[in-house]
K.L.:
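This is the structure, below, for whatever I ask next.
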Amino acid sequence: MSSAVRLEDVYRTYGAGDSEVRALDGVNVEFPEATFTAVMGPSGSGKSTLLQCAAGLDRPDTGRVVVAETELTGRNETSLTRFRRRHIGFVFQSFNLVSSLTAAENVALPLRLAGRRAPDGEIRRALSSVGLADRLGHRPGQLSGGQQQRVAIARALVVKPSVLFADEPTGALDSNRGREVLALLRGLVDELGQTVIMVTHDPVAAFRADRVVFLRDGRIDGDLVRPTADAVAARMTSLEAE
Ligand SMILES: Nc1ncnc2c1ncn2[C@@H]1O[C@H](COP(=O)(O)OP(=O)(O)OP(=O)(O)O)[C@@H](O)[C@H]1O
């Protein structure tokens, strides 16, 4: 199986001198196409930094990041932005929708930013695929948290990205709404062959993934394939105790 995302020897340090933090300390990891991977680890272990570097939102100090067989490292900002707009979808814990725009307008935004047309049919299809065909004209403030996150997922998917990244996508939702979002992500992988990489603290969320990759102190610390929630929770407990 070919890899959708590959990080080779990635280092990322913040600050300098006494306040230096090595957020990523020689990370090597591959994320295969059409699979759902969860990234877990104690607070401060580098999960968000890994996701941001893999998505081209942050730059490693050294090492290589390859997405869809394209090397991101060394590209200038314009070229990186262009690549991201075509190939990367990103979903945040806090949804990050534009509050003054309707659901349909939010979903159209990435196409417009990429200088593409945003046909009504395409926008409607994206919102239908997340179960929100009847909420096109609603603004974020008129939607529940779970619905807002589904609009954010539709917005990330409308460009048909090579990879969908999600940083704690269920972190702001109650457990039922969180389960719906996870089922949606799982369905994208199973039905559309979408590659999904998700950071989460929640073993129940990680259980929906094909594989869980663990981080500790900026390094990869093993993985679990087709994990049970109990196995993930046990692994997290031991990582946090170390
Ligand atoms: N912009 C920044 N400036 C300085 N230090 C940073 C910055 N971003 C992250 N760090 C540090 O890098 C380390 C890794 O941070 P990161 O956010 O990747 O961890 P995380 O595993 O996602 O944490 P959490 O689970 O708490 O969200 C932490 O020690 C953090 O304090």
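Atoms within a ligand are numbered from 1 in the order they appear, just like the ligands themselves. This structure is a prediction, so every number in the text was calculated from the model and none was measured.
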K.L.:
Tell me, which protein residue and heavy-atom name are nearest atom 19 (O) of ligand 1, and how many Å apart are they?
P.N.:
Gly46 N, 3.3 Å
K.L.:
Is the closest basic N to carboxylate O distance between Arg124 and Asp134 below 4.0 Å?
P.N.:
no
K.L.:
Looking at Phe214, is Arg235 sitting on its ring face, NZ or CZ under 6.0 Å from the six-membered ring centre and within 45 degrees of the normal?
P.N.:
yes
K.L.:
Following the transitive rule for hydrophobic clusters with a side-chain heavy-atom cut-off under 4.5 Å over Ile, Leu, Val, Met, Phe, Trp and Tyr, establish whether Val65 and Val29 coincide in one cluster.
P.N.:
yes
K.L.:
Pick one of side chain, backbone, both or neither for how Thr49 approaches ligand 1, counting any non-hydrogen atom pair under 4.0 Å.
P.N.:
both
K.L.:
Count I, L, V, M, F, W, Y as connected when their side-chain heavy atoms are under 4.5 Å apart, and connections chain through other members. Are Leu50 and Phe36 then in the same cluster?
P.N.:
no
K.L.:
Under a 4.0 Å threshold between the charged nitrogen and the carboxylate oxygen, would Asp210 count as salt-bridged to Arg186?
P.N.:
yes
K.L.:
Hey, does the side chain of Gln148 reach the backbone of Pro140 with a donor-acceptor pair shorter than 3.5 angstrom?
P.N.:
yes
K.L.:
As an exercise, identify every atom of ligand 1 less than 4.0 angstrom from a heavy atom of Ala23.
P.N.:
12 (O), 13 (C), 14 (C)
K.L.:
Determine whether a donor-acceptor pair (N or O, by modelled atom type, separation under 3.5 Å) exists between the side chain of Glu71 and the backbone of Arg64.
P.N.:
no
K.L.:
Is there any N or O on Gly15 that sits under 3.5 Å from an N or O of ligand 1?
P.N.:
no
K.L.:
Suppose we measure from atom 4 (C) of ligand 1 to each protein heavy atom; which comes out shortest, and what is that distance?
P.N.:
Tyr14 CB, 3.3 Å
K.L.:
Specify the protein heavy atom at minimum distance from atom 26 (O) of ligand 1: its residue, its atom name, and the distance to 0.1 Å.
P.N.:
Ser43 OG, 2.6 Å
K.L.:
With heavy atoms under 4.0 Å as the rule, classify the contact between His201 and ligand 1 as side chain, backbone, both or neither.
P.N.:
side chain
K.L.:
Return the residue, atom name and 0.1 Å-rounded distance of the protein heavy atom closest to atom 22 (O) of ligand 1.
P.N.:
Ser48 N, 2.9 Å
K.L.:
Pro42 heavy atoms, cut-off 4.0 Å: which ligand 1 atoms fall inside?
P.N.:
21 (O)
K.L.:
Does Glu8 come within less than 4.0 Å of Arg6, counting only side-chain N to carboxylate O?
P.N.:
yes
K.L.:
Identify the protein heavy atom lying closest to atom 21 (O) of ligand 1, giving its residue, its atom name and the separation to 0.1 Å.
P.N.:
Lys47 NZ, 2.8 Å
K.L.:
Do me a favour and list the nearest non-hydrogen protein atom to atom 14 (C) of ligand 1 with residue, atom name and distance?
P.N.:
Gly44 O, 3.5 Å
K.L.:
Counting from 1, what ligand 1 atoms have a heavy atom of Ser45 closer than 4.0 Å?
P.N.:
19 (O), 21 (O)
K.L.:
What protein heavy atom sits nearest atom 30 (C) of ligand 1, and how far away is it?
P.N.:
Val21 CG1, 4.6 Å
K.L.:
Is there a donor-acceptor contact under 3.5 Å from the side chain of Arg12 to the main chain of Arg59?
P.N.:
yes
